[in-house]
Trainee: 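Could you have a look at this structure, given as structure tokens, before my questions?
Chain letters run A, B, ... following the sequence lines, proteins first and then strands; every chain starts at 1. Here the structure is a predicted model, which is why all the values come from computation and not from measurement.
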Number of protein chains: 4
Amino acid sequence: MNQPVEARGNSRQKIVDTALKLFSQQGFEKTSVREITKAAGISLGLMYNYFDSKEALLKAIFQESIQNIQDSFAIEPNDTGRLALLLRRYFDAIEKRQDHWRLLHGIRMQQHLSQLLAQETETLSNYIIGELSLILKNLRYERPLHEAVLLFATIDGITNHYLTNSRYPLDKITHLLISKYI
Amino acid sequence: MNQPVEARGNSRQKIVDTALKLFSQQGFEKTSVREITKAAGISLGLMYNYFDSKEALLKAIFQESIQNIQDSFAIEPNDTGRLALLLRRYFDAIEKRQDHWRLLHGIRMQQHLSQLLAQETETLSNYIIGELSLILKNLRYERPLHEAVLLFATIDGITNHYLTNSRYPLDKITHLLISKYI
Amino acid sequence: MNQPVEARGNSRQKIVDTALKLFSQQGFEKTSVREITKAAGISLGLMYNYFDSKEALLKAIFQESIQNIQDSFAIEPNDTGRLALLLRRYFDAIEKRQDHWRLLHGIRMQQHLSQLLAQETETLSNYIIGELSLILKNLRYERPLHEAVLLFATIDGITNHYLTNSRYPLDKITHLLISKYI
Amino acid sequence: MNQPVEARGNSRQKIVDTALKLFSQQGFEKTSVREITKAAGISLGLMYNYFDSKEALLKAIFQESIQNIQDSFAIEPNDTGRLALLLRRYFDAIEKRQDHWRLLHGIRMQQHLSQLLAQETETLSNYIIGELSLILKNLRYERPLHEAVLLFATIDGITNHYLTNSRYPLDKITHLLISKYI
DNA sequence: AATGAATGAGACTTCATTCAT
DNA sequence: TATGAATGAAGTCTCATTCAT
């Protein structure tokens with residue numbers, strides 16, 4: 001009657017994966033818990049064995065997303081060309097895991113959700129701005145912090161437009177952006 | 001049982017105003033029709049005399065917002081310094097009518113809503129990119145269209161961060177951005 | 001500011017006509033008062049100047065219908081062939097004023113409505129059965145009353161099937177029925 | 001907060017039974033979903049676990065009714081006296097399960113409902129006419145199909161009048177009808 | 001670890017009716 | 001005679017969550 005060992009814990013991951021997909025596609029509000037469990041092929045009750053609430057599930061998923069996004073910023077601190085590399089990896093990561101970014105951006109403008117995840121979001125922003133600031137300082141920019149804030153806005157805006165517009169010329173714009181910081 | 005005489009006929013505008021405020025503060029989904037009508041001081045049914053549905057109300061409000069945003073871009077086509085003026089007016093408008101921008105940005109990442117307003121949004125984007133492109137061409141940029149797309153991403157990203165972060169140094173960042181486009 | 005004389009009372013008739021059409025097409029419940037007044041080209045309030053309620057309107061219309069149906073039974077009491085004539089006129093009337101019959105049959109099975117119009121309906125039934133009974137008596141049927149009740153069921157059933165089925169062979173069935181009562 | 005154990009699993013049937021009773025008594029439109037669930041002793045939401053909509057519930061009930069009505073026509077195809085037997089069983093079934101017939105007749109004249117159930121209704125009509133036609137052919141009637149259509153109208157008319165009039169002399173009329181087809 | 005029947009608050013929407021003008 | 005803005009009860013349906021098994 002027990003699940004085979006290798007199946008243990010699969011349900012939890014299936015829930016998380018399915019929910020990430022659905023949340024990013026349809027939005028948090030428009031995705032019902034029942035829909036998630038059906039798509040994940042598990043029962044409604046089981047979901048509540050793993051997560052206290054729909055919001056708790058969102059939080060758990062969000063952690064993963066944050067991690068994934070943060071990873072795309074993890075660059076060995078070599079010297080020149082580091083910004084170019086970072087930006088390329090960043091926009092590369094967006095293309096490959098659109099779901100994570102879609103979730104993040106979808107949540108950000110919804111007050112009640114962003115409050116729920118305020119800390120994680122803030123940490124991420126600070127980390128990104130910090131990293132950028134460091135690089136820009138090495139590149140001898142005068143006000144590296146402000147420059148980082150501005151650059152962050154730019155790459156975030158690009159991300160948003162890319163996620164919103166299926167015909168967005170991401171490559172060309174990435175290239176153009178990089179060219180401005182050599 | 002009816003409204004006092006002096007209130008007659010203002011109801012439609014009261015609904016629109018109230019709904020814009022609530023939608024931008026709490027989001028479309030989290031704002032119930034009952035809440036709107038209560039805040040507007042009218043009955044529930046009256047809203048449906050003016051608008052066919054909650055979505056129709058959103059659409060009506062959205063038109064106004066689009067118009068407002070577009071107005072902040074209307075600059076007489078003089079020569080130099082036009083971009084600086086435009087950016088200043090743009091970010092000025094954001095500060096003054098945060099509600100319109102909040103509504104726009106809050107809707108953008110929610111597929112079912114952005115689809116509903118797809119045409120208006122696209123028209124606005126094209127208009128903005130077109131205007132920017134024109135100015136950048138006058139400024140002798142090589143690929144004015146790409147430059148415009150990039151600049152639009154930047155100002156949109158700044159807007160988003162400003163709306164999300166109450167301590168955002170909008171003035172400084174605006175200044176820095178402008179300095180890059182002398 | 002007064003209506004021209006010939007226009008007086010037109011509104012009332014327009015309401016009745018429009019309501020009959022809509023009630024018979026869509027049913028009483030599925031037709032809203034607003035819909036009626038819009039289709040009739042008058043204001044909502046005016047309808048309530050003429051009729052106390054939606055049900056009162058139905059009642060007024062129903063009188064007309066009953067009258068119309070009754071008229072199709074008014075035959076000068078000549079001798080033989082009277083039944084054939086009556087049936088032909090009856091089914092002829094159905095074809096020409098389907099709306100009246102549709103209203104009657106649509107209401108009959110809805111308890112709360114048929115109660116409202118119980119008296120009129122009963123009077124009509126009795127009248128029809130009475131007339132039929134008389135004719136059948138002249139035709140030397142043994143139990144003219146029962147025969148009338150049965151014949152009424154038959155013509156009512158035919159009517160119902162005809163109103164329900166656009167391909168109903170009304171002529172052929174009428175002919176067959178008449179042939180049974182030569 | 002949940003139903004007592006012994007009640008579990010009966011809910012679906014309880015809903016169907018209660019709804020059939022209420023629909024046939026009060027009509028589909030005049031019966032609210034809340035009323036059904038209250039009378040069935042279950043919660044409002046549970047109904048929507050079993051049926052997608054009020055109309056879907058009607059459809060499910062209708063299937064049962066159709067079956068019941070059809071069963072009253074299932075006669076072993078012996079020879080003479082078959083029609084008499086069939087008619088007696090038919091009118092017998094009506095007396096015993098008035099609810100099913102009331103539902104059928106109540107729906108028939110309401111366009112939007114009869115459309116919903118068009119296929120089932122048509123199938124039933126064709127079946128009845130087919131059976132009658134067969135019997136009448138054996139009885140050497142000249143145009144068995146037309147005769148069947150006419151007879152169907154008659155028994156349907158009787159049914160309708162019986163359902164509408166609590167003092168209807170069903171037995172006598174049945175007897176008279178049968179006497180015409182020996 | 002897993003199920004899914006059951007709950008009930010609350011969402012959007014419709015509609016007959018009233019009344020000041 | 002005529003208007004239509006305004007009302008609010010009532011309708012259908014959704015959904016996160018609980019709990020006995």
Trainee: Using heavy atoms to find the nearest nucleotide of DNA chain E for C/F28 and D/M47 separately, return the residue whose nucleotide is more 5′.
Mentor: D/M47
Trainee: Hey, does A/F23 have a side-chain heavy atom less than 4.5 Å from the side chain of A/I36?
Mentor: yes
Trainee: Separation of B/L46 atom CG from E/dT14 atom C1', in whole Å?
Mentor: 14 Å
Trainee: For DNA chain E, please output the secondary structure as dot-bracket, reading 5' to 3'. Pairs are Watson-Crick or G-U wobble, both atom distances under 3.5 Å; mark crossing pairs with [ ], other-strand partners with |, unpaired with a dot.
Mentor: .||||||||||||||||||||
Trainee: Atom CG in B/D99, atom CD in B/E64: separation rounded to 0.5 Å?
Mentor: 10.0 Å
Trainee: Without decimals, in angstroms, what is the distance between C/L58 CG and E/dT17 P?
Mentor: 12 Å
Trainee: Does either side chain, that of D/D17 or that of D/Q13, offer a donor lying less than 3.5 Å from an acceptor on the other one?
Mentor: yes
Trainee: Using only atom types and a distance under 3.5 Å, with no angle test, would you say the side chain of D/K54 pairs donor to acceptor with the backbone of D/T31?
Mentor: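 Here the side-chain-to-backbone pair exists.
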Trainee: Closest-nucleotide mapping onto DNA chain F: is D/E29 or C/N49 further toward the 5' terminus? I mean the 5' end.
Mentor: C/N49
Trainee: As an exercise, state the distance from CD of B/E120 to CD1 of B/I107, rounded to the nearest 0.5 Å.
Mentor: 10.5 Å
Trainee: If each of C/S43 and D/G45 is mapped to the nucleotide of DNA chain F with the nearest heavy atom, which maps nearer the 5' terminus, i.e. the 5' end?
Mentor: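 So the residue in question is C/S43.
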Trainee: Starting from P on F/dA10, measure out to NZ on D/K54 and report it in whole angstrom.
Mentor: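 Taking atom P of F/dA10 as the reference, NZ of D/K54 is at 15 Å.
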Trainee: Please give, in whole Å, the distance from E/dT13 C1' to B/D52 CG?
Mentor: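 Rounded to whole Å, this separation is 11 Å.
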Trainee: Between atom CZ in D/F51 and atom P in F/dT12, what is the gap in whole Å?
Mentor: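 It is 15 Å, rounded to the nearest whole Å.
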Trainee: May I have the distance from C/L116 (atom CG) to E/dA16 (atom P), rounded to whole angstrom?
Mentor: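 Those two atoms, CG and P, are 15 Å apart.
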Trainee: Output the distance between atom CG (B/N160) and atom NE2 (B/H105), rounded to the nearest 0.5 Å.
Mentor: 5.5 Å
Trainee: Expressed in angstrom and rounded to an integer, what is the separation of A/L57 atom CG from F/dT17 atom C1'?
Mentor: 14 Å
Trainee: For a 4.5 angstrom cut-off between non-hydrogen side-chain atoms, does D/S65 reach D/L104?
Mentor: no
Trainee: For D/Y48 and F/dC15, is the shortest distance between a side-chain N/O and OP1 or OP2 below 4.0 Å?
Mentor: no
Trainee: Could you verify whether a donor N or O on one side chain and an acceptor N or O on the other, from C/Q110 and D/E29, lie under 3.5 Å apart?
Mentor: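 No, because no side-chain N or O of C/Q110 sits under 3.5 Å from a partner of the opposite role on D/E29.
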Trainee: For residues 31-42 of chain A, which residues have at least one heavy atom under 4.0 Å from DNA chain E?
Mentor: A/R34, A/I42
Trainee: Please determine whether the number of non-hydrogen atoms from other residues, nucleotides or ligands lying under 6.0 Å from atom CG of C/N49 exceeds 12.
Mentor: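 Atom CG in C/N49 is crowded, with more than 12 foreign heavy atoms closer than 6.0 Å.
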Trainee: So does A/S11 get a side-chain nitrogen or oxygen closer than 4.0 Å to the phosphate oxygens (OP1/OP2) of E/dA1?
Mentor: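 For A/S11, the contact criterion (side-chain N or O under 4.0 Å from OP1 or OP2 of E/dA1) is not met.
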Trainee: Take atom CG of D/L44 and atom P of F/dC15, then tell me their distance rounded to the nearest Å.
Mentor: 14 Å
